[in-house]
Every structure is written in structure tokens, then in C-alpha cells.
Amino acid sequence: MFLMMMIFAGIASGYSATDICKTFIESTKAMVSSMLIVGFTRGILIVMKDGMISDTIVYYLVSLLSGASKYVSAYGMLFLQNIIKFFITGSSSQATITMPIMAPTAELIGLSKQIAVLAYQLATALQICSGRPPAPLLRLMGVPLNKWYKFITPFFGIVLVLEVIFMTIAVAIGYC
């Protein structure tokens, strides 16, 4: 549908077929890296499902967390999401990979799926404070990475404490 609309818009604007094709190629260049990441993430998800890797991970997570209190389990999910978000910076990629594991784990240990989603949403401390997302901007502005870490460390602590507080409140009010 978008391709057809592009062609109709090009014709209505008086573009030739060559101009429409050149414009299409130029506009898709910016999206190729994003499309590759989404495709790669989808490939990981298919391998995890077909190889029953997700089921194995859920089994061992449930075994690990089943004896713990709901609070400890929720903190464990939050900690795990923080670690994963440190390595997988794309939010849609992280959700695609982790939510098929975290949602069933939450249900099997007595928490709701909402707690798993909340852990995913709150887990930003390590990603924000790692220096990886703003690294190109820091280089452009001439800010050394050690100066960034000195600036961001107090914020990292505040964000981490807020994550735990919000998770505690969610579990306490029966969000599970």
C-alpha cells in the first residue's frame, strides 16, 4: 500500500519513473539498518522458539525464582532486564527477545504479566548510564567518556533506586 501510494504521489507530483525510483532508493537507504536489526531479532526469536531455547530458559528461571518471595522475583526480573538492556540497546529488539521469556516466567512464579512488562519498561539505568547510547554525541562535543561517567554516576544511582521503589510499589499494591 505504501509503495503504491509513493508511486501515485510521484505521478501526481510530475516525477518520471526514473525520479520515482531514485527517490525510493534514497528514502530506503536510511531504513536499511533498522530493517536488518528487526530481521535479525526476528531470526533470533524463531531460533529460540523452534529450538525450544525459550522453554528451557523459562524452566530454569522458574526453578531459580520459585522459592523466592514475589519481591525478590520482581527484583530479579528487573535486574535481568537491566543487564539485557545494557547489551541490546534497541527497545523493540529487547522486547521481542525477552518478553516471550519474562511473561511466562512471571506467571509461573505467581506474578502477573504486568510485572514483567513493568520490569522491561523500568530497566533503563544501565542503558542510560553506560555511555554507549550517547557516545557519538559525546565525541562530537569533545566530552571525554570519563567526564561523562563522573557526571552520570549520581543519576545512575537515583534511577536504580527509583526502579526498585516503583517495582516494590507495584508488587505491594497487588499488581500481581
Side-chain angles (χ1 to χ4, degrees), residues 31-138 145-176:
M31 295 174 31
V32 169
S33 62
S34 298
M35 291 186 300
L36 286 173
I37 289 171
V38 169
F40 182 66
T41 304
R42 182 72 178 145
I44 291 172
L45 183 62
I46 290 170
V47 167
M48 287 176 65
K49 280 185 179 178
D50 290 350
M52 294 186 201
I53 297 169
S54 299
D55 297 336
T56 305
I57 294 171
V58 168
Y59 172 77
Y60 284 109
L61 279 174
V62 170
S63 298
L64 180 69
L65 297 172
S66 63
S69 73
K70 289 183 178 185
Y71 292 101
V72 172
S73 298
Y75 301 146
M77 293 174 72
L78 182 63
F79 176 74
L80 187 61
Q81 287 286 14
N82 264 304
I83 297 298
I84 291 169
K85 199 166 258 194
F86 180 78
F87 294 106
I88 303 172
T89 55
S91 60
S92 61
S93 299
Q94 184 194 5
T96 302
I97 293 170
T98 63
M99 291 316 292
I101 294 169
M102 297 304 254
T105 301
E107 282 190 314
L108 291 171
I109 59 176
L111 296 170
S112 69
K113 289 180 182 179
Q114 287 86 355
I115 292 294
V117 172
L118 185 64
Y120 162 75
Q121 291 174 332
L122 289 176
T124 56
L126 286 178
Q127 182 185 17
I128 290 172
C129 304
S130 68
R132 285 179 41 204
L137 295 175
L138 293 172
L145 201 55
N146 63 347
K147 198 171 192 177
W148 166 255
Y149 285 128
K150 185 186 264 187
F151 167 76
I152 204 67
T153 300
F155 180 68
F156 171 75
I158 292 168
V159 170
L160 204 57
V161 167
L162 285 173
E163 286 178 3
V164 171
I165 289 171
F166 290 138
M167 187 60 75
T168 303
I169 292 169
V171 174
I173 62 172
Y175 205 48
C176 54

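In this text, all values refer to a predicted model and were calculated from it rather than measured experimentally.
Closest approach of I109 and S73 over heavy atoms only: CD1-CB, 3.4 Å. Here the shortest heavy-atom pairing between A119 and Q81 reads O-CB, 3.8 Å. Of all non-hydrogen atoms in A95 and P100, the two that sit nearest each other are O-CD, 3.8 Å.
The structure places CG of L78 at 8.0 Å from CG of L118, a figure rounded to the nearest 0.5 Å. One finds the CG atom of L65 at 8.5 Å from the CG atom of L111 (value rounded to the nearest 0.5 Å). T153 contributes atom OG1, which lies 10.5 Å from atom CZ of F151 (distance to the nearest 0.5 angstrom).
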Next item on the list: Show your working on side chain to side chain contact (heavy atoms under 4.5 Å, CB included) between M102 and Y120 and close with a plain yes or no.
Entry: CA-CA 9 Å; M102 297 304 254; Y120 162 75; over 6 Å; no
Margin query: Would I115 and K70 count as a side chain to side chain contact (heavy atoms under 4.5 Å, CB included) here? Give the steps.
Written below: CA-CA 10 Å; I115 292 294; K70 289 183 178 185; over 6 Å; no
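At a threshold of 4.5 Å between non-hydrogen side-chain atoms, the residues T98 and L80 do not count as touching.
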Compile the donor-acceptor pairs under 3.5 Å between side chains in residues 164-173 and protein atoms, sequence neighbours left out, one pair per line.
unit_1, atom_1, unit_2, atom_2, d
T168, OG1, Y75, OH, 2.5
T168, OG1, V164, O, 2.7

Tell me which donor-acceptor pairs under 3.5 Å the side chains of residues 47-63 have, and how far apart each pair is, sequence neighbours excluded?
unit_1, atom_1, unit_2, atom_2, d
T56, OG1, M52, O, 3.0
S63, OG, Y59, O, 2.9

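Considering only residues two or more places apart in sequence or on other chains, E107 meets the side-chain contact (heavy atoms from CB on, under 4.5 Å) condition with K113.
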